[in-house]
Every structure is written in structure tokens, then in C-alpha cells.
Amino acid sequence: MENIMNNFSLNGKIALVTGASYGIGFAIASSYAKAGATIVFNDIKQELVDKGIAAYAEMGIKAHGYVCDVTNEDQVNAMVAQIEKEVGVIDILVNNAGIIKRIPMCDMTAAEFRQVIDVDLNAPFIVAKAVIPSMIKKGKGKIINICSMMSELGRETVSAYAAAKGGLKMLTKNIASEYGEFNIQCNGIGPGYIATPQTAPLREIQEDGSRHPFDQFIIAKTPAARWGTPEDLAGPAVFLASDASDFVNGHILYVDGGILAYIGKQPK
Ligand code: NAP
Ligand code: GCO
């Protein structure tokens, strides 16, 4: 009897995870390596790429690292061409690189708003556009866009981020629609609140030793009563990158501990 777990293997696949020197991208890329994939990642600074390569090596993973600002189309196209020459055609793309600026909308400059849109929405378009032609030639491909709770919900101070992540949800559905006939599946992962450098300010211990009010808020809003870890995203990311999800297309898989399903715990 065939082992169904073979459908979840990434053996022989090449995966590009953007912005994966640390954080969620690092955890997803590491899980892909454990599933058999060859890992390729990028970051803006050489020092971060070097740190990332060393961190992967500590886990026994030989990762290929490239310096590339994902908002720069010339740099992205050059990086993809270099990857195809040095490593091979990209089978799996994870558009992970992202930034957030927590500023009340009326205090935010248009330049700040545009910077967030550039990294969190324009860049996934640029990188997906760079890898799709080779996926079409190969007859298959997987694109996974890292969305957010803010693809569905708003909150104070994250107007640019929510606009970008809402747009990224629809870009995901449109890539799925436009390229599904070429056996390319494009899906999203919507992490809940995950403990990474990006959310560190929301978890800072207060001067009186108490937990940050937002930290307490998220715990009350999450049925799992905890923040997620980057490793919580590994299984869902492997599933969406594998043959096991070949008929899943245009779907946003929320990995949020149940936040989107829950009204929140009544304060005592
Ligand atoms: P993070 O810790 O801030 O890491 C973001 C990564 O993206 C860093 O490696 C960063 O590199 C890289 N990056 C930023 N701008 C870039 C650019 N222009 N070109 C190339 N790389 C760039 O964030 P994270 O928490 O791991 O989040 C990763 C993704 O998940 C983001 O898209 C985020 O929006 C999303 N997300 C996070 C959470 C959460 O709770 N943490 C929840 C939902 C979704 P530098 O260090 O050089 O800037
Ligand atoms: C915030 C957080 C969130 C998380 C994530 C939730 O300030 O609200 O940074 O936006 O990063 O996107 O899914």
C-alpha cells in the first residue's frame, strides 16, 4: 500500500523563501529543508544573509542566500536568473518578506504608507511575476503568500499594513485564477499573532513587570490562549508546498489558534 505521507514530501524541490534570515521565513524554510527541499532565501543586507546561512548550517541545512531588496524589480529578476543558473528552477515560492509601521493613519505620511504597500504587496507581485514563467515551462509550481489577520480585520495604527495584506489576499486569489491552468497553485497562509521580532514591541514586559496590555489582549482573543510560534506555521506551509495540496488553489489558510472564530474571553 502506498504511503500517503509521500504526498507531503518536498524531495527534489527548490524553494525560495523571501526575507528568511530569521522569523517566520526562517521557520518555514527550515521545515521545507526537513521535508527534503533545497532552500534558497534572500535578505536586504549581506550581513543578514551571512547570519542566516550560519543559522541554517547550525540546523544542518545548506541554504543558498542572496542579497536582494524584493521591492526592486531589477534586483529580483537578476536574483531569480542567478538562482536558476546556480541552483535550479524555483518550484516553490514563499512571499514572506514584509514590514509593518504602527502609526495612526492621520499621522502617517503618504511615503510611509507607500513603503509598506511596496514591501507587503508590490514585492509579492514582482517576485511571483519573476518565477511564474519558469513554473509554466516546468508544468507546475507552488506560490504561497504570507497574509495576516489583517487580511480580514483592521485595528488602530496598521492602516497601510491591513491595506497591503488585504490586497495580498486578493492577489493570491488572482494568481490562482490566472495560472491555475498551468498547474500552478497559489495559496496564502494567514498567521495569527506570532512571537517574532516584528511583534516584539507588542509583548514587551511593562515597567511594573506586568505583561504588555496588547499581549494580554491577544491572549484573551485567542482560544489557544497563547501567541503562536514560527514553528506552528511549519506543517501548514509544508502542506501548501507539497503535492498533497495540488487541488487547493486560491485559499487563505489561517493559522491563528482560532482568533478569527472567537469573540474573545469576557474580562474578569
Ligand atoms: P520579521 O521578523 O520582521 O522579518 C521580516 C523579514 O523580511 C526580515 O528578514 C526582513 O529583513 C525581511 N525584509 C523586509 N523588507 C525586505 C525587503 N524589502 N527585501 C527583502 N527582505 C525584506 O517578520 P516576521 O514576523 O517573521 O513576519 C514575516 C512575514 O509574516 C511578514 O510578511 C509579516 O507581515 C507576516 N506576518 C507576521 C505575523 C506575526 O505575528 N509575526 C503575523 C502574520 C503575518 P531585514 O531584517 O533586513 O529587514
Ligand atoms: C499588529 C501585528 C499584526 C501581526 C499579524 C497578525 O501590529 O497588529 O503586527 O499585524 O503582525 O499581521 O496576523
Side-chain angles (χ1 to χ4, degrees), residues 16-30 40-53 55-56 63 65-73 75-76 79 94-104 114-124 126-127 144-169 171-172 188-204 212-215 217-218 221-222 226-233 236-237 252-260:
L16 168 62
V17 185
T18 65
S21 299
Y22 56 87
I24 286 173
F26 182 86
I28 289 177
S30 303
V40 184
F41 74 101
N42 75 294
D43 221 307
I44 300 178
K45 307 176 195 98
Q46 185 63 53
E47 65 187 287
L48 272 172
V49 170
D50 295 343
K51 272 177 73 175
I53 288 172
Y56 286 112
Y66 294 83
V67 178
C68 175
D69 177 348
V70 291
T71 65
N72 182 312
E73 191 164 23
Q75 284 187 29
V76 168
M79 174 181 70
V94 179
N95 278 311
N96 167 78
I99 63 170
I100 191 167
K101 288 185 185 295
R102 300 184 183 96
I103 304 168
R114 274 196 294 269
Q115 189 187 356
V116 176
I117 298 291
D118 215 14
V119 180
D120 294 3
L121 180 55
N122 293 345
I126 289 168
V127 185
I144 296 147
N145 294 322
I146 306 300
C147 297
S148 161
M149 294 287 94
M150 275 57 218
S151 296
E152 301 294 344
L153 303 169
R155 85 172 185 87
E156 299 78 9
T157 75
V158 295
S159 59
Y161 185 82
K165 293 296 188 179
L168 185 57
K169 173 176 76 170
L171 176 64
T172 300
I189 286 177
Y193 279 81
I194 312 294
T196 70
Q198 191 244 52
T199 55
L202 306 175
R203 291 177 283 108
E204 274 172 4
H212 191 293
F214 194 89
D215 179 357
F217 171 67
I218 288 305
K221 287 285 284 178
T222 309
R226 68 173 175 89
W227 284 71
T229 66
E231 290 69 30
D232 283 320
L233 300 166
I252 312 298
L253 178 53
Y254 287 99
V255 186
D256 66 356
I259 290 182
L260 283 178

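All ligand and atom numbering here is 1-based and tracks the order in the structure. Along the sequence shown, residues carry numbers from 1. Side chains included, hydrogens not; waters and symmetry mates left out as well; all remaining heavy atoms used.
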At under 4.0 Å between heavy atoms, what of T196 touches ligand 1? The answer is side chain

Under 4.0 Å, heavy atoms only, figure out whether ligand 1 is touched by the backbone of L48, its side chain, both or neither.
side chain

Within the distance-only criterion (no hydrogens, no angle test), does the side chain of D256 pair as donor or acceptor with the backbone N or O of L260 below 3.5 angstrom?
yes

Nitrogen or oxygen atoms of T199 and ligand 1 under 3.5 Å apart
no

With backbone taken as N, CA, C and O and side chain as the heavy atoms from C-beta onward, which portion of M149 lies under 4.0 Å from ligand 1: side chain, backbone, both, or neither?
neither

Looking at S151 and C147, would you say the former's side chain and the latter's main chain have a donor-acceptor pair under 3.5 Å?
no

If you have a sec, work out which protein heavy atom is nearest atom 21 (N) of ligand 1 and how many Å separate them, to one decimal?
A97 CB, 3.7 Å

Kindly determine whether N42 and T18 satisfy side chain to side chain donor-acceptor pair (under 3.5 Å), including the steps that lead there.
CA-CA 5 Å; N42 75 294; T18 65; 4.7 Å; no

Taking E73 for its side chain and I126 for its backbone only, find out whether a donor-acceptor pair lies under 3.5 Å.
no

Residue part near ligand 1, for D120, under 4.0 Å between non-hydrogen atoms:
neither

Sub-3.5 Å donor-acceptor pair from the side chain of D232 to the main-chain atoms of T229, do we have one?
yes

Under 4.0 Å from ligand 1, counting heavy atoms only, is it the side chain of T18, its backbone, both or neither?
neither

At less than 4.0 angstrom from any non-hydrogen atom of C68, what atoms of ligand 1 do you find?
19 (N), 20 (C)

Answer with side chain, backbone, both or neither: which part of D256 has a heavy atom less than 4.0 angstrom from an atom of ligand 2?
neither

Around atom 8 (C) of ligand 1, find the nearest protein heavy atom and jot down its residue, atom name and distance.
Y22 OH, 3.4 Å

Using a strict 4.0 Å cut-off to heavy atoms of M150, name the atoms of ligand 2 that fall inside it.
10 (O)

salt_bridge(K169, E152) N-O dist < 4.0 Å:
yes

Donor-acceptor under 3.5 Å (D120 side chain, K165 main chain)
no

Between ligand 1 and Y193, is the shortest N or O to N or O distance under 3.5 Å?
no

Return the closest protein heavy atom for atom 10 (O) of ligand 2 as residue, atom name and distance.
Y161 CE2, 3.2 Å

Within the distance-only criterion (no hydrogens, no angle test), does the side chain of D118 pair as donor or acceptor with the backbone N or O of T71 below 3.5 angstrom?
no

Distance from atom 16 (C) of ligand 1 to nearest protein heavy atom, with residue and atom
I44 CD1, 3.6 Å

Under 3.5 Å: N/O of V119 near N/O of ligand 1
no

Does the ring centre of Y56 sit less than 6.0 Å away from the ring centre of F41?
yes

Are the side chain of T199 and the backbone N or O of L202 linked by a donor-acceptor pair below 3.5 Å?
no

At under 4.0 Å between heavy atoms, what of D69 touches ligand 1? The answer is both

Would you confirm whether T157, through its side chain, and P104, through its main-chain N or O, come within 3.5 Å as a donor-acceptor pair?
no

Taking atom 28 (C) of ligand 1 as the reference point, the nearest protein heavy atom with its distance:
N96 OD1, 3.2 Å

Would you mind checking which non-hydrogen protein atom is closest to atom 5 (C) of ligand 2, with the distance to 0.1 Å?
S148 OG, 3.6 Å

Nearest protein heavy-atom contact for atom 9 (O) of ligand 2: which residue, which atom, what distance?
R102 NH2, 2.7 Å

If only side-chain N and O atoms count, and only distance matters, is there a donor-acceptor pair under 3.5 Å linking R226 with T222?
no

Using distance alone, determine whether G19 and ligand 1 share an N or O pair under 3.5 Å.
yes

Suppose we measure from atom 34 (O) of ligand 1 to each protein heavy atom; which comes out shortest, and what is that distance?
Y161 OH, 2.7 Å

Return the closest protein heavy atom for atom 2 (C) of ligand 2 as residue, atom name and distance.
Y193 CE2, 3.4 Å

Measure the distance from atom 11 (O) of ligand 2 to every protein heavy atom, then report the residue, atom name and distance (to 0.1 Å) of the closest one.
Q198 OE1, 2.8 Å

Under 4.0 Å from ligand 2, counting heavy atoms only, is it the side chain of I100, its backbone, both or neither?
side chain

With the side chain counted from C-beta on, respond yes when Y66 and D43 share a heavy-atom pair under 4.5 Å apart, and no when they do not.
no

Counting only heavy atoms, which portion of C147 has something under 4.0 Å from ligand 1: side chain, backbone, both, or neither?
backbone

Do any nitrogen or oxygen atoms of P191 lie less than 3.5 angstrom from nitrogen or oxygen atoms of ligand 1?
no

Which option wins on minimum heavy-atom distance to atom 13 (O) of ligand 2: M149, R155, K165, E152?
M149

For atom 5 (C) of ligand 1, closest protein heavy-atom neighbour
G98 O, 3.6 Å

Please report whether ligand 1 has a polar contact with K165, defined as an N or O pair separated by less than 3.5 Å (distance criterion only).
yes

Report yes if V70 has an N/O atom closer than 3.5 Å to an N/O atom of ligand 1; otherwise report no.
yes

